[in-house]
Structure formats: C-alpha cells, structure tokens
Amino acid sequence: GSWQQLVEALQYAATNKTRLAHQHYTTRLGAGRTQPQALNETGIELTQAAELHGRAFVTYTFLQEVTGKAAAKRSANLNRVLEQLLELYLVHTVQRHMADILRFVPLSEQQIDDLQTRLELVLKQVRLNAVAIVDGFDLEDRELSSVLGSYDGNVYERILASAKKSPMNKRPVPVAFERYLKPFMRAKL
Amino acid sequence: VNPDLVKERQNATFDVDEFASWFYGDTALMGMKRLITEELYRGLDDPLDLEYMSYEDVYTAGVKQAVESTVRMRNMQEKINPGGTEIYPTLLSGLVGNAMMPAGNPMAVHLLMFTKALKGQGTSEQYERWGKRADNFEIIGTYAQTELGHGTYLRGLQTRADYDRRTDEFVLHTPHISAYKWWPGGLGHTVNYCIVVAQLYIDGESKGIHLFLVQVRDEETHRPLPGIDIGDIGKKIGMPGVNNGYLGLNKVRIPRIQMLMRNAQVLEDGSYVKSPVSQLNYFPMVYVRAAVAFGNTFFLAQAVTIATRYSAVRRQSPINEPEPQVLDHITQQMKVLPEIASVVAYRLAAGQVWSLYHRTAKDVNAGDYSRLPELHALSCTLKAACSYDSTYAIERMRQSCGGHGYLAAANLGNIFGLASAACTYEGENSVLYLQVGKILLKAWGDVLAKRQLMPTMSYLGELAAWKQFPQWT
C-alpha cells in the first residue's frame with residue numbers, strides 16, 4: 001500500500017501541475033495572448049508537469065513489475081531484492097520531487113522524517129547485494145573497458161598497467177626536454 | 001579476484017544468473033547476449049589505444065569496428081534465424097554496438113533510422129529499390145533533419161524541396177547557412193545517401209515537412225556529387241568516431257519518386273495527397289527515442305557497475321583506524337546505490353514503451369492511429385528523463401571513484417560523452433517536455449469534458465476527482 005501511495009503522490013503532483021498549467025494557459029488566452037505566447041509563458045509549468053508525468057510512468061511501471069503477476073515466476077530471494085530496489089527508487093524519487101509533492105500533499109515533518117529513515121534503511125539493505133546486483137547487469141570486462149570496474153577487482157594493478165601503456169613512457173627522456181625544457185632551464189632568466 | 005569482491009559475492013542473498021535472465025527478458029535472451037558479446041569482442045583491439053590516436057585515426061578505427069561487427073552479426077543472424085532481426089540489426093545498433101565502440105558507431109544512424117525510414121515511410125516499390133540495398137549495405141545512409149539554425153522545432157526547418165512538374169523532379173535547396181543540415185551521424189564522410197527532411201513546396205505553396213532520399217556521394221568514387229557541400233562538423237565532447245556531418249544543397253534535383261510516399265504523396269501532375277495522420281512523420285523518431293532510453297540505461301548500468309565494484313575494493317578511513325570499504329560509508333551508498341535502482345526502473349520503462357511501439361506499429365498498419373499521441377508523449381518524456389538522469393548519474397559515478405574516475409582508462413569519460421549527447425539529439429529535452437506539456441494540456445481538456453483519456457494518462461482523470469490526497473500511510 002505504501003509503495004502504491006508513493007506512486008500516487010507523484011501522479012497527484014503531475015495531475016495538479018497539469019491542472020494549474022491548463023488554468024494559467026487558459027487565463028493567458030483569456031487576457032488576449034496568442035496561443036504561442038500563452039504556451040511560451042506557461043512553459044515552465046508545462047515542462048514540470050511533463051517531467052512529473054514521466055516520473056509517474058516510470059515508477060508505476062516499476063511497481064507493476066514488482067507487485068504484479070510476474071512476481072510469481074521469480075524466486076522469493078530475487079523478489080526481495082527487486083522490492084528493495086523499488087523501495088529505494090520510490091523513496092529517492094519522491095524526495096527529489098518533494099517540493100512539487102508538498103504543494104499538493106500536506107505532509108508533516110514526521111512523515112517526511114519517516115521517508116528519510118526508510119531511505120537510510122533501504123540503502124543498508126541494498127548495499128548487502130550491491131556487487132551481486134551489478135554483476136547481474138551482466139556486463140563483462142570488455143564491455144566496461146574500465147580499469148576500475150573489472151570483475152576481478154584488481155584495480156590498482158590495472159591502473160598502473162594502463163599508465164605504462166601511455167605513449168609518453170615509451171622513451172625515458174621526452175623530446176620536449178631537449179627542445180624546450182633544457183634550454184629554458186639553462187637560460188638563467 | 002580481489003578478496004573484498006569475493007566476500008561481497010559470497011554474501012549475496014539471491015542468484016545472480018536469475019537476476020540477469022530477468023533483466024534481459026529471459027534466459028534465452030541473456031544467453032544470446034553473451035554469445036554475441038563473445039563473438040563481437042573476439043580479437044578486438046584494446047579500446048585504450050583509441051585514447052592516443054588522432055581524430056582521423058579514431059574515425060578509421062570506428063569504421064573498421066562497425067564494418068567488422070556488422071559482418072559478424074549478420075553471419076550470426078544467418079546461422080541462428082535467417083531473415084530475423086533479433087540479433088541484426090537490433091543489437092548492433094543498440095547496447096552491444098555502443099558498448100563495444102567507445103568512439104561511437106558511424107553507421108548507427110544507418111541502422112537505426114535510415115533503413116527503418118525507408119521501410120516505414122517509403123512505399124513497397126521504394127523499399128524494393130533502395131531499402132533492400134540499404135539493408136544489404138550496398139548503400140549507406142543517414143537521416144538529416146536538424147539544421148544549423150533549427151533543431152527540434154521541425155516547422156522551422158528551412159531546407160526546401162520545390163516540385164518542378166516540367167521535369168517531374170524536386171529541387172532541394174538550403175537557402176541560408178542556417179538551413180545547412182547539421183549533426184547526422186555518418187554524414188561527414190561515411191554515407192553516400194541521405195534522407196533529407198525538407199519543406200515541400202508545390203507551386204510556391206508550403207505543404208509541410210516531408211522526407212526525401214538524396215544521393216550525396218558517387219557510389220564508385222565516394223566523391224560528393226554536384227551541388228552537394230558535405231563534411232565533418234569537427235570534434236565534440238564525446239563520440240569522436242561517429243562522423244557527424246553537415247550538408248548544404250545547392251538546387252539539387254532528384255526524381256519525384258525519391259520523396260518517401262507511404263503516407264503523403266505528390267503525383268506527377270503536382271497534385272498533393274495528404275497523409276492520413278500528420279504524426280506519422282514522427283513515427284521513426286518514436287522508435288529511436290525508445291532505443292535511446294534503452295541505450296542510456298545501459299550506459300548507466302556500465303557506469304554504476306564500475307563505481308560499485310570500485311567502491312567495494314577501495315578502502316578509506318580516518319588515521320589509526322582499520323580502513324573500511326568506501327561502500328560502507330552512507331554518503332557513498334547515497335551516491336551509488338540509487339542509480340542501481342534507476343537502471344532497473346529505466347530498463348522496465350523503456351521495455352514498456354518498446355512493447356507499446358510494436359503494438360502501435362501493428363495498429364498503424366491496420367489504419368488505427370489512435371495511440372500515436374500517447375506513444376509520442378511517452379517516448380518523449382522517457383527519453384528526456386532517462387538521458388538527463390543517466391548523464392548526471394554517470395558524472396556522479398565518476399566522482400564516486402575519486403580522482404581515479406578522471407582517468408581515461410576508467411572509461412567513465414567516454415560513457416558520459418555517449419550518454420550526454422542523448423540530452424540534445426532526437427529532440428532537446430526541454431523541447432520534448434514542452435511537446436508533452438501540450439499533450440497534457442489537451443488531455444486536461446478531455447478531463448474537463450469528461451472524455452475518455454489515453455490509457456497511460458487515465459490517472460489524470462481519476463486523481464482529478466480527488467478532493468484531497470488520501471491519508472498518508
């Protein structure tokens with residue numbers, strides 16, 4: 001129920017942002033502004049409503065996947081991880097849009113505090129499986145192409161090896177020394 | 001393997017392969033993805049080499065990779081399911097192709113848009129004549145819409161296509177510098193054909209934007225054809241191998257049959273047959289926007305994988321205390337972990353829009369255009385949100401790796417370059433949000449009039465009826 005309500009909070013904010021944008025757009029038209037002028041002047045609210053509509057869609061889709069019929073096809077352990085990711089995504093997204101939500105949903109300080117507690121708790125839960133989850137994205141080393149992210153985690157060895165590959169290290173003394181540095185240092189400025 | 005990562009994997013509470021199968025759709029798809037990755041990376045050069053190459057050498061290497069991977073994937077497709085599309089071109093133009101090519105793919109627009117537009121916007125005859133050649137790479141093309149002076153605002157495009165009924169030709173012309181086509185991937189020096197989006201004029205009267213197939217280079221010599229001013233636009237923040245180009249047209253004549261006429265048509269006598277629905281012109285972009293959301297989701301997955309593993313290996317603490325993993329610091333968790341959830345959220349949302357696209361494509365073929373505005377709105381808002389979120393999240397992942405994230409060898413710079421481009425290509429994000437905002441205005445009109453809303457907007461009607469938000473639980 002709580003997840004549903006977080007999604008609804010975003011939908012409710014999107015709905016009311018749309019309502020206000022429509023109201024202000026209509027008022028502008030009524031005041032004699034042309035359609036393009038009225039649209040331009042309502043642009044901030046329109047983009048905010050559109051963004052919230054998108055957030056509502058993403059969160060709703062996530063909620064449906066985790067709580068819908070598909071859950072029965074997955075193991076309980078996997079479902080638990082997906083539930084934690086959903087919780088994290090919902091709480092984090094609602095916090096990001098708290099200013100928009102607070103405009104239409106009267107939350108108390110305690111209720112906002114509870115969200116912070118939920119965030120800190122779910123971070124701990126997700127942290128336990130973080131490495132395994134990203135392993136599950138199934139991106140092999142050659143796809144990542146990163147000295148920091150390889151599966152074996154031998155970060156420092158790889159960083160040093162990549163430094164050794166720098167073309168600058170092919171010769172012990174660079175051309176710039178003979179050409180510029182040495183004359184410069186001996187010029188006794 | 002680093003002992004910290006061994007410990008992390010031992011402590012996991014779920015089966016990683018089950019997660020991966022779910023993430024990719026099912027076990028078969030995951031297996032196919034692994035097979036393709038293995039095949040594509042076989043014998044590939046070290047990507048770090050690209051970092052020390054000249055601009056032109058990076059482009060040449062990009063073309064070499066694109067050509068080799070195309071051949072390999074076509075061969076795989078022929079072995080697994082001849083004529084199918086599950087490997088080629090779907091994966092080449094999306095996740096695998098991009099991940100494999102840190103410099104970008106100079107033929108991505110050919111795969112993603114040129115071939116799709118010839119098929120979706122051209123008549124059967126046009127597809128037979130040019131589409132099949134494009135599918136077989138006998139010709140390579142791109143999709144030139146954006147101009148130096150106009151981007152997402154399509155009605156402002158200045159390139160003209162005037163119909164000349166005496167010769168049964170269109171005359172394509174870029175009347176000002178601001179009308180020069182700008183940005184299309186591969187346009188610089190790779191393609192020999194191009195779909196040009198231009199304002200159609202018949203007897204001096206505007207008929208709106210339409211698509212025209214223009215040959216820009218000789219098929220044998222690859223030299224630009226008369227009237228064509230074409231070249232590379234120079235270095236960008238990322239994607240040095242994509243060969244983004246410019247195109248000026250000086251009264252270039254093409255036969256009438258080279259306007260893509262599946263929907264709107266110009267007949268020999270100059271009469272104009274309108275498209276049944278104007279949004280059909282935008283349908284190829286809906287497909288691309290869903291693909292962009294997928295692509296950026298996987299860029300973020302790459303970055304968050306790098307940052308999470310690094311955060312588990314890196315240890316840091318105050319002096320005289322045992323060094324904990326940085327991932328045990330809640331501030332580091334706050335930087336990295338929400339983005340793991342974002343990858344899953346956007347993967348699911350992009351999949352949903354992808355499914356809706358395919359359903360709508362079937363409906364359109366059957367003459368039902370009712371879901372086009374909804375799909376347009378969803379693909380716009382998802383592309384905008386996903387590209388913005390992933391770009392800034394990738395930058396956060398770079399910072400979460402401390403100074404080492406700034407190394408080119410960390411690859412986070414390349415990933416950022418690839419992801420951030422999506423904030424402006426295929427529609428600058430604010431402009432897309434404005435388009436969605438207009439659709440929402442119209443939907444609100446439907447709410448007030450108690451008309452039925454599009455399924456993914458139906459919540460507007462339901463929640464509009466609430467006097468207040470229910471008791472917070």
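Sequence lines set the chain letters: A, B, ... in the order given, protein chains first and strands last, and positions in each chain run from 1. When reading the values below, keep in mind they use all heavy atoms of this one structure, side chains included, and skip hydrogens, waters and symmetry mates.
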Return yes if a side-chain donor-acceptor contact under 3.5 Å exists between A/T61 and B/Q352, otherwise no. no

Among A/L123, A/T18, A/L86, which residue has the highest count of heavy-atom pairs closer than 4.5 Å to chain B? A/L123

Heavy-atom distance under 4.5 Å to chain A: side chain of B/L441, backbone, both or neither? both

Most contact-rich option vs chain B, by heavy-atom pairs under 4.5 angstrom, among A/V81, A/L85, A/V131, is A/V131

Heavy-atom distance under 4.5 Å to chain A: side chain of B/Q10, backbone, both or neither? neither

Checking salt bridge (Lys or Arg N to Asp or Glu O under 4.0 Å) for the pair B/E8/A/R127: CA distance, chi angles, key distance, verdict? CA-CA 10 Å; B/E8 294 287 339; A/R127 187 258 168 269; 2.8 Å; yes

Any chance CG of B/L29 has more than 12 other-residue heavy atoms, nucleotides or ligands included, within less than 6.0 Å? yes

Looking at the rings of A/F104 and B/F469, which for Trp means the six-membered one, are their centres under 6.0 Å apart? no

Using non-hydrogen atoms and a 4.5 Å limit, figure out which bit of A/F137 sits close to chain B: side chain, backbone, both or neither. both

Sort B/R34 into side chain, backbone, both or neither according to what part of it lies under 4.5 angstrom from a heavy atom of chain A. side chain

Let me know if B/A312 has heavy atoms under 4.5 Å from chain A in its side chain, its backbone, both or neither. side chain

Pick from B/D389, B/I415, B/T456: which one has the most heavy-atom pairs with chain A under 4.5 Å? B/D389

Most heavy-atom pairs under 4.5 angstrom with chain B, which of A/R55, A/E120, A/E140? A/R55

Turns out that what part of B/Y459 lies under 4.5 Å from chain A's heavy atoms comes down to both

Interface check, chain B: of A/N129, A/T26, A/V147, most non-hydrogen pairs under 4.5 Å belong to A/N129

Enumerate donor-acceptor pairs with a distance under 3.5 Å from any side-chain N or O in residues 163-175 of chain A to protein atoms, sequence neighbours excluded.
from	atom 1	to	atom 2	distance (Å)
A/K165	NZ	B/D46	OD2	2.1
A/S166	OG	A/M168	N	3.2
A/N169	ND2	A/A163	O	2.7

Who among B/A303, B/S342, B/A307 has the most heavy-atom pairs with chain A under 4.5 Å? B/S342

Residue among A/T59, A/N154, A/L82, A/L128 with most heavy-atom pairs under 4.5 Å to chain B: A/L82

Using distance alone, with no hydrogens and no angle criterion, decide if B/E18 and A/S75 have a side-chain donor and acceptor under 3.5 Å apart. yes

Under the criterion side-chain hydrogen bond (donor to acceptor under 3.5 Å, both in side chains), I'd like the reasoning laid out for B/T13 against A/N77: C-alpha separation, chi angles, the key distance, then a yes or no. CA-CA 7 Å; B/T13 63; A/N77 287 346; 6.0 Å; no

Below 4.5 Å from any heavy atom of chain A, which atoms of B/L432 appear? Answer side chain, backbone, both or neither. neither

Suppose we screen for ring-ring contact (aromatic ring centres under 6.0 Å, His included). Which residues come up paired with A/Y156, at least two apart in sequence or across chains? none

Is it the backbone or the side chain of B/D4 that comes under 4.5 Å from a heavy atom of chain A, or both, or neither? neither

Any chance OH of B/Y388 has more than 12 other-residue heavy atoms, nucleotides or ligands included, within less than 6.0 Å? no

